[in-house]
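Working notes for the structure below.
To find a chain, count down the sequence lines: A is the first, B the second, and so on, and within it residues start at 1.
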Amino acid sequence: MQEYLQGLNEKQREAVLHKDGPIMIVAGAGSGKTKVLTTRITHLMAAHQVDAFNILALTFTNKAAHEMKERVERVLGNGEARNLYIGTFHSVFARILRFEADKIGYPRHFTIYDTDDAKSVLKAVIHDLHLDDKQYKPNLVYNRISSAKNALIGPEAYKADYAIQQEDVRANRPAIGQIYDNYVKRCFRNGAMDFDDLLLKFYELLRTIPECLSRYQHKFKYILIDEYQDTNPAQYEIIKLLGALHENVCVVGDDAQSIYSFRGATIQNILQFQKNYDNVTVVKLEQNYRSTRSILEVANEVISHNKGQIEKVLFTENPEGEKIKIVRTLTDNDEGKFIADSIQEQKLRHHFANKEFAILYRTNAQSRAFEESLRRMAIPYTIYGGISFYQRKEVKDMVAYLRLIVNPRDEEALKRIINYPTRGIGKTSLDKLLLLSNEKDCSTWAILLQAREYGFRAGTLMVLENFVTMVKSFASMLEKSNAYDVAFYVGKQTGLVKELFNDKSTEGIQRYENIQELLNSIKEWTESPDNEEGELVDKSLGAYLQQITLLTDADEKDVDADTVKLMTIHAAKGLEFSCVFAAGLEELLFPNAMAINTREELEEERRLFYVVITRAKQKLWITYANTRYRFGQLVQNEPSRFLAEIPPAALDKSFAGTKTISGNPLRAGWGGYGPGSSRESKPERTTGNGLSEKPSYLAPKPTVNKTGEHVPTPGFAPSDMSELEAGQRVEHMKFGYGEVIKVEGSAHNPIATVRFENNGEKKIMLNYARLRIVSP
DNA sequence: CGCAAAGCTTATCTG
DNA sequence: AAGCTTTGCG
């Protein structure tokens with residue numbers, strides 16, 4: 001038997017050895033599914049001589065894809081793994097779409113719009129339709145359109161669907177269909193795809209171009225999909241098409257961990273897999289290698305409250321381990337303190353490293369209290385889920401230039417930098433350009449190219465043409481130089497780098513460093529060997545730009561760094577930690593208020609709870625707070641209903657003090673952690689009852705205008721400023737009389753310094769201020 | 001035009 | 001409480 005099969009249990013081996021035909025691997029939490037997937041790929045290549053070029057593996061994160069490739073390479077050691085097609089749905093499809101773009105009318109280097117870009121387009125569309133963006137909030141509209149796309153419903157189908165229309169009308173947003181329509185057209189005009197388009201357009205490619213369907217059906221003889229429970233209908237249909245020829249589709253998933261329905265994922269994909277394919281082999285991996293028996297028992301019990309799952313019972317041969325600890329605190333800050341204290345204590349007593357701890361929560365907003373408490377204890381930590389490096393303003397600015405060079409139709413990029421750094425193309429000119437591009441239904445860039453014909457003022461026309469010339473010169477440089485050289489030159493030539501360099505504030509220096517880091521990243525990209533991209537090798541700037549939009553900060557941050565990890569439960573999917581703190585187990589927070597209206601929603605929240613429990617290898621704390629701040633206001637929360645689903649026998653009853661909670665509907669015996677038990681609690685904030693907000697002995701603030709109101713002389717009329725010079729006496733509407741000290745500034749923006757009798761020295765911009773010359 | 005202050009909104013999860 | 005947008009002003 002091959003060496004790589006040795007470490008597998010019977011079920012795992014069965015999953016690996018199955019060669020042809022559809023197979024569903026139901027892999028419980030911690031049952032070694034990554035190992036099975038990689039070994040399966042290895043086995044296909046080593047034992048069955050399947051060519052790496054014929055294997056497609058779709059994962060949930062870029063990082064998982066990387067790891068898988070590495071593991072296969074480690075076993076095979078012949079460099080073949082580089083030819084595997086492994087990546088996320090989005091990155092793999094983006095790569096193929098780049099290759100086939102012309103067939104569906106897109107430029108090869110189409111831009112991928114991230115959520116911010118997409119929302120910005122939506123804003124413009126909503127504005128152009130003269131709709132109220134209070135009623136049509138871009139965020140909401142975006143989600144609605146995203147759901148439609150993930151269900152493969154285009155604008156026409158959207159408008160024709162009675163149920164959808166009823167929903168929109170009832171929500172008083174009847175025009176979403178129209179917005180959707182315009183949005184799609186606008187994105188196409190911009191040569192851009194949003195995240196959902198990467199799936200939708202790939203699907204359309206397969207559906208409408210028979211030669212493409214055939215090519216990729218033949219190419220991908222073996223298809224493997226990780227985290228199948230979180231795929232949506234678009235992904236489902238794509239796989240069905242791609243796999244139709246060989247039917248060698250291997251899906252791995254756990255219905256109990258399906259937590260992405262908000263992204264259009266439907267648990268039906270995994271529940272129905274057996275009905276959708278003939279002769280499906282089903283293998284269940286039920287032995288858990290990750291957690292202690294105590295932890296697994298709690299997980300099993302909790303998930304049993306859900307209906308309609310694939311039947312399975314997870315077991316483990318691991319030791320029983322410690323019991324679970326449930327901890328109540330008075331406030332969210334106390335919760336933070338408790339967790340930081342506990343981490344410190346565990347480190348001292350049991351010699352855990354920082355990186356063995358994770359604090360997991362339902363919403364990103366909860367991270368603040370933990371950050372503060374960890375910082376106070378000097379415990380290093382990493383937060384996941386903030387804005388990624390490539391979302392920072394200065395980075396996006398620079399990237400916008402590069403985007404425009406590669407794809408001049410990219411209107412979002414153009415809007416961002418056409419007047420940054422300032423070059424005299426103001427709002428008026430830009431609005432006119434955008435209006436024209438809407439009228440002619442062509443890209444803003446096309447209007448710019450013919451600016452001469454649209455009656456701009458001479459000066460404006462000149463700056464517009466200079467801008468066009470500059471961008472064109474960058475683009476032509478791209479033909480001869482590599483991406484890094486072009487980017488470096490752009491930074492220098494536009495003055496962007498210089499502007500950041502001159503800003504010596506702390507943030508300014510940081511921004512400058514970020515740009516340097518961006519340049520480094522481009523350099524690394526251009527120089528790295530061609531082993532990451534399968535057979536469609538593309539080291540162009542365009543390929544780089546598409547790739548960075550698909551990176552998440554989980555891909556950018558180093559998991560091995562010795563820091564405590566803070567993230568949402570969603571982000572923790574697929575990860576494991578020795579010690580886990582599941583925080584904020586409160587009604588309305590977890591389960592979240594947004595998800596308690598239907599059984600389906602509530603069951604998904606419960607699966608989320610299941611996921612957080614099963615992240616823990618050795619120790620698990622579950623915490624909740626009586627009160628926490630929301631929108632700057634203190635709110636009270638009941639303990640989460642999920643706590644009552646935990647079997648009492650699994651709990652550590654002696655834990656954290658002896659206080660019982662009076663009036664708590666849950667079992668007594670859990671500790672309290674609040675001002676009484678923590679070292680330094682802030683006194684309770686006095687909440688606004690309208691009384692004694694301010695001590696009465698304090699004098700009221702003076703209400704008199706500090707500047708002292710000046711009453712202008714009757715018939716006040718500003719004088720002609722062109723002749724103003726030092727020494728003249730002037731009158732100002734508000735500041736009264738004064739003497740001109742000096743006149744400076746450029747010709748089109750002169751600034752006078754005036755010493756006023758009652759208001760001291762002021763700088764006055766003569767273009768805007770109203771001054772009357774009293775005497776020469 | 002560009003800045004600062006005031007005002008308003010917001011926070012479920014994400015590639 | 002914090003971030004983003006609008007406003008008011010020189």
- request: Ignoring the backbone of A:T552, work out which of B:dT12, B:dG15, B:dT14 is nearest its side chain.
  value: B:dG15

- prompt: Given C:dA2, B:dT12, B:dT14, which nucleotide is nearest the side-chain atoms of A:R368?
  reply: C:dA2

[atom1] of [X] versus [atom2] of [N]: gap in Å, rounded?
X: A:N592; N: B:dT14; atom1: CG; atom2: C1'; result: 15 Å
X: A:Q391; N: C:dC4; atom1: CD; atom2: P; result: 12 Å
X: A:F609; N: B:dT12; atom1: CZ; atom2: C1'; result: 17 Å
X: A:D555; N: B:dT14; atom1: CG; atom2: P; result: 13 Å
X: A:N419; N: B:dG2; atom1: CG; atom2: P; result: 7 Å
X: A:K557; N: B:dT14; atom1: NZ; atom2: P; result: 12 Å
X: A:D116; N: C:dG3; atom1: CG; atom2: C1'; result: 13 Å
X: A:L634; N: C:dA1; atom1: CG; atom2: P; result: 11 Å

Is any side-chain heavy atom of [Y] closer than 4.5 Å to one of [X]?
X: A:N637; Y: A:R630; value: no
X: A:Y260; Y: A:E604; value: no
X: A:L496; Y: A:P421; value: yes

Under 4.0 Å: is that the gap between some side-chain N or O of [X] and OP1 or OP2 of [N]?
X: A:N364; N: B:dT14; value: yes
X: A:S91; N: B:dG15; value: no
X: A:T115; N: B:dT14; value: no

Closer than 3.5 angstrom, by distance alone: can the side chain of [X] be matched with the main-chain N or O of [Y] as a donor-acceptor pair?
X: A:T231; Y: A:E227; result: no
X: A:N62; Y: A:L550; result: yes
X: A:N150; Y: A:N232; result: no

message: At less than 3.5 Å, do the side-chain atoms of A:N62 and the base atoms of B:dG15 form a donor-acceptor pair?
response: no

May I ask you to say whether [X] pairs ionically with [Y], meaning some side-chain N is under 4.0 Å from a carboxylate O?
X: A:E371; Y: A:R368; answer: no
X: A:K63; Y: A:E67; answer: no
X: A:D334; Y: A:K337; answer: yes

- prompt: Expressed in whole Å, how much space separates the P atoms belonging to B:dC13 and C:dC4?
  reply: 16 Å

Between B:dA11 and C:dT6 - P atom distance, rounded Å: 16 Å

message: By the definition salt bridge (charged side-chain N to carboxylate O under 4.0 Å, His left out), identify the one residue from A:K123, A:R416, A:R403 that meets it with A:D117.
response: A:R403

Contact class for [X] (heavy atom, under 4.0 Å): base, sugar-phosphate, or nothing?
X: A:F590; answer: nothing
X: A:K123; answer: sugar-phosphate
X: A:G426; answer: sugar-phosphate

field: salt bridge (Lys or Arg N to Asp or Glu O under 4.0 Å) assessment of A:K415 paired with A:E412
entry: CA-CA 5 Å; A:K415 282 201 306 208; A:E412 289 307 308; 3.4 Å; yes

query: Mapping A:E601 and A:Y142 to their closest nucleotides on DNA chain B, which lands nearer the 5' end?
result: A:E601

field: A:T422 vs A:A554, nearer the 5' end of DNA chain B by closest nucleotide
entry: A:T422

Protein-nucleotides 7-11 of chain B N/O pairs under 3.5 Å:
from: B:dT10; atom 1: OP1; to: A:K137; atom 2: NZ; distance (Å): 3.1
from: B:dT10; atom 1: OP2; to: A:K137; atom 2: NZ; distance (Å): 3.3

- prompt: What pattern of brackets, bars and dots sums up DNA chain B from 5' to 3', given Watson-Crick or G-U wobble pairs under 3.5 Å, [ ] for crossing pairs and | for another strand?
  reply: ||||||||||.....

